[in-house]
K.L.:
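Here it is, the structure in full.
Counting from 1, the numbers follow the sequence of the chain as shown. Since the structure is predicted, the reported quantities are computational estimates derived from the model, not experimental observations. Order of appearance sets the numbers: ligands from 1, and atoms from 1 within every ligand.
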Amino acid sequence: MARERALHELYAEDPERADALAFGRRGALKGPALAAMGAALGATIPFSAKMPAGLLPAALAQPAGAAPLLRMDGKAPLLLLGERPLVAETPEAMLDDDVTPVDKFFVRNNGQVPERFAGDPKSWRFRLDGEVDTPLDLTLGEMESRFEVVTLRLQMECGGNGRSAFVPETRGNQWGNGAISHGEWTGVRLRDVIRAAGPREGARFTAHFGADPHLSGDTSRQAINRGMPVAKAMEDTTLIAFRLNGQPIPQLHGYPLRMVTPGWPGSLSQKWLTRVMLRATPHDGPGMGGTSYRLPVRPIVPGSSTNGADFQDMTSMPVRGLLTSIAHGTRMPAGTRQIPLRGQAWAGDRTVRAVDVSTDFGASWTAMQVGAPPNRHAWQRWQGTVALPSDGYFEIWTRATDSEGRMQPHAAANWNPQGYGANAMARTAILVG
Ligand SMILES: Nc1nc2c(c(=O)[nH]1)N[C@H]1C(S)=C(S)[C@@H](COP(=O)(O)O)O[C@H]1N2
Ligand SMILES: [Mo]
């Protein structure tokens, strides 16, 4: 269909079709089909009566260990999503540490990984210009001695995290829920650098530039170069960072200098940072405008084509909680009835108010304990215990609710052509016995 249509229009005309488009096919699995599914899983499904019709068990929908693994010095065996550009996802059960070790950091490149800067890292040059009274040309060393150095735990999440849950499938890397990291970052506040340059009245937006070559090798093109409202740049958790977990930043993650813009799409955390420009109007580099990092203001029919004319730029990422202490596809000894659970939760610019867990396909929920974040934009640790009635196939569904009461939906919502902002609740399949 050529015209972009609002989902509510389709619901008015043909609610069943709208529902199928929004949530996938349903109504298929009953009786014999359910028994066949149990056979495919190799187990009974104790809560099958509570299973929504048409639901594909997570064990079949996302087979554990299906993706090829990244084999690289200094990196854990992450799930390899692409080699050119290099993209790799962290399995949820590898996100159990409070601070993500660098080898477990997910990798997202849009262009080539540049040659490692061979000089003294302190001589790396950074420029701040545009709508300022005094453009600054600083070395990393000068920046470090001139401005206050801070260390913070900050979540960084790709705008497309969770994308593979969209129906129909969208363009882009088919991330599960693991395009997220939580590092301990050391650097200076972008705000302090901007203030030192004397921002002009008209300075409303930023533009970020990095040293990575375009995938094609064409030196006149940028791999990615995005920007955001100055208000986000002025937040005291938006950093220009030069250390990660107490060490120089690994080459893959932006050595020797990168932005960290926590809570907003990871694409705003420019790696191999060379320049920030202030502008009076929204930046127009690659990764800006159209349907890039933009969401429909009014929900559109999943699968419809659109040029993104009435889309708006993504700001805060949505709420998400992960179970990290038990891997998807774990087999437990027969007779296991109590399972201690632990995980992480975050909510972009907001905080997490609650995490609830269900083992009966959402019929009932158990509240978990949620810790406070050590600083703004940090992860929140959650933990608790669930009880199981018998052996068999179970799914642990994890859903978080943010400080404004927004809860993770059952299915990826607000479909958009490039698949951003999917935060469907997490499902971990386990087999007891
Ligand atoms: N220079 C540069 N910065 C970049 C990118 C890139 O391709 N080039 N990718 C962005 C995207 S889309 C994300 S999600 C994060 C990923 O950071 P990581 O690879 O360190 O996990 O970096 C961002 N910064
Ligand atoms: Mo990203």
Side-chain angles (χ1 to χ4, degrees), residues 70 72 74-76 78-82 84-90 94-95 100-117 124 126 154-163 170-185 187 206-216 221-228 238-245 247-276 283 285-288 292-294 313-314 317 348 418-422:
L70 175 71
M72 187 183 271
K75 294 301 288 182
L78 305 180
L79 310 172
L80 186 63
L81 267 51
R84 242 191 92 79
L86 183 64
V87 180
E89 163 164 7
T90 312
M94 265 192 213
L95 291 166
T100 311
V102 294
D103 66 312
K104 294 177 182 166
F105 256 64
F106 81 97
V107 181
R108 170 62 169 126
N109 295 308
N110 290 270
Q112 301 178 34
V113 177
E115 290 287 317
R116 188 180 168 87
F117 178 58
W124 177 268
F126 168 77
L154 301 171
Q155 33 121 344
M156 190 160 57
E157 183 174 24
C158 183
N161 198 20
R163 176 179 288 137
T170 68
R171 294 205 300 274
N173 298 294
Q174 294 301 306
W175 298 111
N177 293 319
I180 174 78
S181 62
H182 185 241
E184 193 161 72
W185 293 97
T206 62
H208 319 143
F209 301 83
D212 45 335
H214 190 266
L215 210 51
S216 64
R221 297 172 72 186
Q222 301 265 324
I224 188 170
N225 133 240
R226 303 199 61 231
M228 60 195 185
T238 302
L239 304 185
I240 301 181
F242 36 78
R243 277 197 288 280
L244 170 56
N245 298 354
Q247 301 289 323
I249 299 170
Q251 177 62 12
L252 217 44
H253 299 289
Y255 176 85
L257 196 66
R258 83 174 293 173
M259 288 177 62
V260 183
T261 306
W264 287 33
S267 51
L268 292 166
S269 292
Q270 193 84 22
K271 303 195 268 193
W272 309 290
L273 183 70
T274 54
R275 177 182 175 211
V276 171
H283 185 50
M288 300 296 288
S292 289
Y293 299 101
R294 281 155 60 88
D313 287 351
M314 289 177 85
M317 291 295 290
Q418 289 188 241
Y420 301 114

K.L.:
What protein heavy atom sits nearest atom 22 (O) of ligand 1, and how far away is it?
P.N.:
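Sorting protein heavy atoms by distance from atom 22 (O) of ligand 1 puts Arg258 NH2, 3.3 Å first.
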
K.L.:
Of all the non-hydrogen atoms in the protein, which one sits nearest to atom 21 (O) of ligand 1, and at what distance?
P.N.:
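Closest protein heavy atom to atom 21 (O) of ligand 1: Phe106 O, 2.7 Å.
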
K.L.:
Return the closest protein heavy atom for atom 7 (O) of ligand 1 as residue, atom name and distance.
P.N.:
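Minimum-distance protein heavy atom for atom 7 (O) of ligand 1 reads Asn110 N, 2.7 Å.
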
K.L.:
I need the atoms of ligand 1 closer than 4.0 Å to a non-hydrogen atom of Asn109, numbered in the order shown.
P.N.:
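Per the distance check, 7 (O).
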
K.L.:
Considering heavy atoms of the protein only, find what lies nearest to atom 1 (N) of ligand 1 and give residue, atom and distance to 0.1 Å.
P.N.:
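Sorting protein heavy atoms by distance from atom 1 (N) of ligand 1 puts Asp212 OD1, 2.9 Å first.
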
K.L.:
To the closest 0.5 Å, what do you measure between CE (Met317) and SG (Cys158)?
P.N.:
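The SG atom of Cys158 is 7.0 Å from CE of Met317, to the nearest 0.5 Å.
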
K.L.:
Check Asp103 with Lys75, please: is the shortest side-chain N to carboxylate O separation under 4.0 Å?
P.N.:
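Salt bridge absent between Lys75 and Asp103.
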
K.L.:
Can you tell me how far CG of Leu215 sits from CD1 of Ile224, rounded to the nearest 0.5 angstrom?
P.N.:
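The distance works out to 12.0 Å.
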
K.L.:
Below a 4.0 angstrom heavy-atom separation, can you tell me which part of Ile224, side chain or backbone, both or neither, approaches ligand 1?
P.N.:
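Only the side chain of Ile224 comes within reach of ligand 1.
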
K.L.:
Considering only protein heavy atoms, which is closest to atom 3 (N) of ligand 1, and at what distance to one decimal place?
P.N.:
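Atom 3 (N) of ligand 1 sits closest to the protein heavy atom Lys271 N, 2.8 Å.
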
K.L.:
Distance under 4.0 Å to a non-hydrogen atom of Val107: what atoms of ligand 1 satisfy this?
P.N.:
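Taking each heavy atom of Val107 in turn, ligand 1 has 19 (O) under 4.0 Å.
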
K.L.:
With heavy-atom distances below 4.0 Å as the criterion, list the atoms of ligand 1 near Ser267.
P.N.:
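With Ser267 as reference, the close atoms of ligand 1 come out as 10 (C), 11 (C), 12 (S), 13 (C), 23 (C).
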
K.L.:
Under 4.0 Å from a heavy atom of Cys158: give me the atoms of ligand 1 that qualify, with their elements.
P.N.:
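Answer, ordered by atom number: 14 (S).
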
K.L.:
Could you walk me through whether Phe117 and Gln251 pass side chain to side chain contact (heavy atoms under 4.5 Å, CB included), step by step?
P.N.:
CA-CA 9 Å; Phe117 178 58; Gln251 177 62 12; 5.9 Å; no

K.L.:
Any atoms of ligand 1 less than 4.0 Å from a non-hydrogen atom of Ser269? List them with their elements.
P.N.:
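Those atoms are 22 (O), 23 (C), 24 (N).
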
K.L.:
Verify, without hydrogens or angle tests, whether Gln270 (side chain) and Leu268 (backbone) share a donor-acceptor contact under 3.5 angstrom.
P.N.:
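Answer holds: no.
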
K.L.:
Taking the six-membered ring of Tyr420 as reference, does the cationic atom of Arg163 (NZ for Lys, CZ for Arg) lie under 6.0 Å from its centre and within 45° of its axis?
P.N.:
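Verdict for Tyr420: a cation-pi partner in Arg163.
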
K.L.:
Would you give the length of the straight line joining atom NE2 of His182 to atom OG1 of Thr100, rounded to the nearest 0.5 angstrom?
P.N.:
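It is 7.0 Å, given to the nearest 0.5 Å.
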
K.L.:
Could you check, using the six-membered ring where one of them is a Trp, whether Trp175 and Phe106 have ring centers closer than 6.0 angstrom?
P.N.:
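Under 6.0 Å, so yes.
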
K.L.:
What protein heavy atom is closest to atom 23 (C) of ligand 1, reported as residue, atom name and distance in Å?
P.N.:
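The closest heavy atom on the protein side is Gly266 O, 3.2 Å.
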
K.L.:
In terms of atom number and element, which parts of ligand 1 are under 4.0 angstrom from non-hydrogen atoms of Tyr293?
P.N.:
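Every atom of ligand 1 under 4.0 Å from some heavy atom of Tyr293: 12 (S).
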
K.L.:
Got the closest protein heavy atom to atom 12 (S) of ligand 1, with its distance?
P.N.:
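Ranked first by proximity to atom 12 (S) of ligand 1 is Arg108 CG, 3.4 Å.
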
K.L.:
Working to the nearest 0.5 angstrom, can you tell me the gap between Ile240 CD1 and Thr261 OG1?
P.N.:
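Result: 9.5 Å between the selected atoms.
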
K.L.:
Where the side chain of Gln418 meets the backbone of Thr170, is there a donor-acceptor pair that is under 3.5 Å apart?
P.N.:
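Between the backbone of Thr170 and the side chain of Gln418 there is no qualifying donor-acceptor contact (under 3.5 Å).
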
K.L.:
Should you measure from each heavy atom of His253, which atoms of ligand 1 turn up under 4.0 Å away?
P.N.:
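Reading through ligand 1 atom by atom, the close ones are 18 (P), 19 (O), 20 (O), 21 (O).
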
